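The structure appears right after this line, and notes come after that.
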Amino acid sequence: MKKYLVLFLSMAVIAISSSAQDCTPELLAQKPGTWKESSNALSGISAADLAREKKVVAAIHAMIKSKYVPMGVNARFNGGYNRSEPNMQGNGYSYSIMAFGYYCDGNNIKTEDETSTNFEIAANIFDSEIYDTAQGDRLLAEGFNVMHDMPVEKDGYWYFKEIDADLGFGMKGKSCAWLITYDGKLPYTYVTKKEFLEKRKRSLSAQMLMSAAGFKDNLKNIEIEKELTEKDLKNDPEKLKRYIKLDYQYKKDKYQKFLADNEKPFKPAFENIEKQLQMSAEILNQKAIVKRDPNDTYNYLFTDENDPFGEVLVKPNSGYFNKNLPKSSPQFFWIYMVWNHNEPIASMFKENSMKAVDFTALKNMLGK
């Protein structure tokens with residue numbers, strides 16, 4: 001009897017040992033993960049604001065942790081806190097999770113050193129500029145800040161459709177997002193077609209003047225160069241003569257023609273704007289979604305939200321924000337998820353972590 005018992009135990013140990021060595025995708029998905037907090041450098045935040053913001057982040061973590069248990073990943077969570085910006089109605093801060101998946105190295109289970117799987121719930125932060133007007137090159141181009149996808153209102157929240165995302169190193173994944181805002185409102189405003197056309201007309205005028213000024217500067221520099229060359233070659237009249245004919249006069253004629261023709265390349269765009277400004281008030285009051293005209297550098301075409309090259313024009317909506325609240329108060333939440341949809345563990349993290357998001361609880365935090 002003792003002999004059979006020893007044999008049975010030996011076989012059991014062998015079976016367990018063999019099972020433990022078989023690393024499979026199914027085993028990885030069932031392996032419990034861990035929570036680990038990452039440190040975050042802080043600067044430029046008042047102690048009072050930081051304390052309140054940390055409470056909000058802690059509440060979000062408690063919400064997620066109450067319903068989500070890491071499986072197949074090590075979940076590295078973090079609170080990020082941005083310094084106060086004068087043009088922002090509220091401080092930007094966030095709660096995020098980076099999911100480092102398990103993988104098989106032979107029969108050994110290891111953890112990824114890098115990950116493209118990221119989940120974030122941010123207060124008062126959006127992935128497009130909504131607190132300020134357009135600056136720099138964009139001011140002279142579209143004239144307004146842009147976003148590439150429009151959300152739809154769904155169950156009291158704003159949902160951005162799932163889209164392709166660049167994960168780096170040539171890899172493609174997916175991303176999706178939500179906005180949680182005050183009832184039926186958005187923290188930005190859409191620009192109308194009329195607003196775009198009127199501003200584009202002013203931008204074209206500014207560009208045309210800048211172009212003319214550039215040609216005039218070149219002509220001025222050509223004359224300065226001529227004066228210096230005349231001094232250098234005053235004792236060599238033949239060389240000076242060749243310079244005047246072959247160099248100076250050629251460049252002067254070229255830039256004088258550029259200046260004379262300066263308005264020509266802008267003319268079709270101006271004509272197009274004037275024509276479109278004659279459209280009905282109903283059309284001119286529609287949201288402006290634009291893209292560059294591939295056949296005219298200075299012209300834009302109106303398109304719709306299904307166009308992958310379309311840019312939705314937006315501007316600040318200061319009327320959305322309650323200015324009496326401290327800057328630490330969340331006035332909207334931006335939820336963003338990016339993952340490799342071809343990796344089962346990353347997809348499992350996306351599904352299970354999003355199930356832990358209590359949209360109602362987040363909405364109740366707004367303005368507090």
Side-chain angles (χ1 to χ4, degrees), residues 80-96 116 118-154 157-168 172-182 184-197 199-200 203 286-292 300-322 327 329-339 362-363 366:
Y81 308 90
N82 299 338
R83 68 183 182 183
S84 181
E85 299 291 347
N87 66 323
M88 292 179 62
Q89 301 297 328
N91 290 345
Y93 55 102
S94 63
Y95 167 82
S96 63
S116 55
N118 187 52
F119 168 54
E120 182 176 29
I121 301 178
N124 307 325
I125 299 175
F126 191 52
D127 72 337
S128 296
E129 175 57 69
I130 60 172
Y131 289 103
D132 211 343
T133 54
Q135 306 292 327
D137 292 342
R138 194 170 295 285
L139 179 60
L140 288 177
E142 298 88 355
F144 297 90
N145 288 316
V146 306
M147 51 191 289
H148 297 283
D149 296 286
M150 293 175 63
V152 294
E153 196 169 8
K154 185 177 180 181
Y157 313 104
W158 299 94
Y159 170 68
F160 291 80
K161 65 183 179 183
E162 186 177 294
I163 60 173
D164 293 333
D166 185 2
L167 304 180
K172 294 293 183 180
K174 296 289 184 180
S175 70
C176 54
W178 295 260
L179 263 177
I180 299 178
T181 66
Y182 297 134
K185 300 178 181 179
L186 285 167
Y188 58 85
T189 300
Y190 293 112
V191 175
T192 67
K193 291 182 177 179
K194 183 178 181 181
E195 288 176 301
F196 166 73
L197 291 169
K199 195 159 193 176
R200 183 62 189 154
S203 296
Q286 293 174 353
K287 298 180 182 70
I289 305 175
V290 303
K291 66 178 179 181
R292 281 194 180 274
Y300 279 83
L301 304 173
F302 287 121
T303 184
D304 59 42
E305 59 188 287
N306 297 314
D307 190 329
F309 299 103
E311 295 177 320
V312 183
L313 306 186
V314 295
K315 61 182 181 179
N317 179 16
S318 59
Y320 170 88
F321 297 91
N322 183 344
K327 283 198 140 187
S329 295
Q331 300 214 41
F332 68 87
F333 284 110
W334 164 248
I335 303 175
Y336 179 74
M337 175 75 74
V338 60
W339 75 102
L362 289 173
K363 191 157 190 170
L366 298 181

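The structure displayed is predicted, hence computed values, not measured ones.
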Gap between atom CG of Asp304 and atom CD1 of Ile289 - 0.5 Å precision = 6.5 Å

Looking at Phe309, does the NZ or CZ of Lys291 lie under 6.0 angstrom from its six-membered ring centre and within 45 degrees of the ring axis?
-> no

Does a side-chain N-to-carboxylate-O contact under 4.0 Å join Arg83 and Glu85?
-> yes

Indicate yes or no: does Glu142 engage Arg200 in a salt bridge with an N to O separation below 4.0 Å.
-> no

Given Phe119, Trp178, Phe160, the one that forms ring-ring contact (aromatic ring centres under 6.0 Å, His included) with Trp334 | Phe160

Taking the side chain as C-beta and beyond, is there a heavy-atom pair between Ile130 and Asn317 under 4.5 Å?
-> no

Would you please test Val290 and Thr303 for side-chain contact (heavy atoms from CB on, under 4.5 Å) and show each step?
-> CA-CA 6 Å; Val290 303; Thr303 184; 5.9 Å; no

Here the gap from Met150 atom CE to Trp158 atom CH2, rounded to the nearest 0.5 Å, amounts to 8.5 Å

Report the C-alpha distance between Tyr182 and Gln331 in whole Å, list the side-chain angles of each, state the deciding distance to 0.1 Å, and finish with yes or no for side-chain contact (heavy atoms from CB on, under 4.5 Å).
-> CA-CA 8 Å; Tyr182 297 134; Gln331 300 214 41; 3.0 Å; yes

Please report the shortest heavy-atom distance between Val314 and Val146, naming the atom on each side.
-> CG2-N, 4.4 Å

Walk me through it: do Asp149 and Lys161 pass the test side-chain contact (heavy atoms from CB on, under 4.5 Å)?
-> CA-CA 8 Å; Asp149 296 286; Lys161 65 183 179 183; 3.7 Å; yes

Please indicate whether Lys199 has more than 12 foreign heavy atoms, meaning atoms of other residues, nucleotides or ligands, lying under 6.0 Å from its NZ.
-> yes

Within 45° of the six-membered ring axis of Tyr188 and under 6.0 Å from that ring's centre, is NZ or CZ of Lys315 located there?
-> no

Between Ala141 and Arg292, which heavy-atom pair has the shortest distance, and what is it?
-> CB-NH2, 3.8 Å

To the nearest 0.5 angstrom, please state how far the OH atom of Tyr336 sits from the OG atom of Ser96.
-> 13.0 Å

Tyr93/Asn82 under side-chain contact (heavy atoms from CB on, under 4.5 Å): CA gap, chis, key distance, verdict = CA-CA 6 Å; Tyr93 55 102; Asn82 299 338; over 6 Å; no

Inter-residue atom distance Ser203.OG - Leu140.CG, 0.5 Å rounding | 5.5 Å

For Gln135 and Asp132 the tightest heavy-atom approach is NE2-OD1, 3.9 Å

Heavy atoms from other residues, nucleotides or ligands near CG of Asp137 exceed 12 (cutoff 6.0 Å) = no

With no hydrogens and no angle check, is any side-chain donor or acceptor of Asp164 less than 3.5 Å from a backbone partner on Lys172?
-> no

Residue Lys194 excluded, over 12 heavy atoms near NZ under 6.0 Å = no

Close side-chain approach of Phe144 to Leu139, heavy-atom, < 4.5 Å | no

Do the non-hydrogen side-chain atoms of Met147 and Phe126 ever get within less than 4.5 Å of each other?
-> yes

Rounded distance [0.5 Å steps], CG in Leu301 versus CG in Asp307 = 9.5 Å

Phe333 side chain near Leu366 side chain, heavy-atom distance below 4.5 Å = yes

Which atom of Pro316 lies closest to which atom of Thr133, heavy atoms considered = CG-N, 4.2 Å

What pair of heavy atoms forms the shortest contact from Ile335 to Leu362, and how long is it?
-> CD1-CD1, 3.9 Å

Kindly say whether Asn118 contributes a backbone atom to a donor-acceptor pair with the side chain of Glu120 at under 3.5 angstrom?
-> no

Taking atom types as modelled, is there a side-chain donor on Gln89 or Tyr320 under 3.5 Å from an acceptor on the other?
-> no

From CG (Asn145) to OG (Ser128), nearest 0.5 Å | 8.0 Å

For Tyr131, does its backbone N or O pair with a side-chain atom of Glu129 as donor and acceptor, under 3.5 Å?
-> yes

Is there a donor in the side chain of Lys327 and an acceptor in the side chain of Ser84, or the other way round, less than 3.5 Å apart?
-> yes

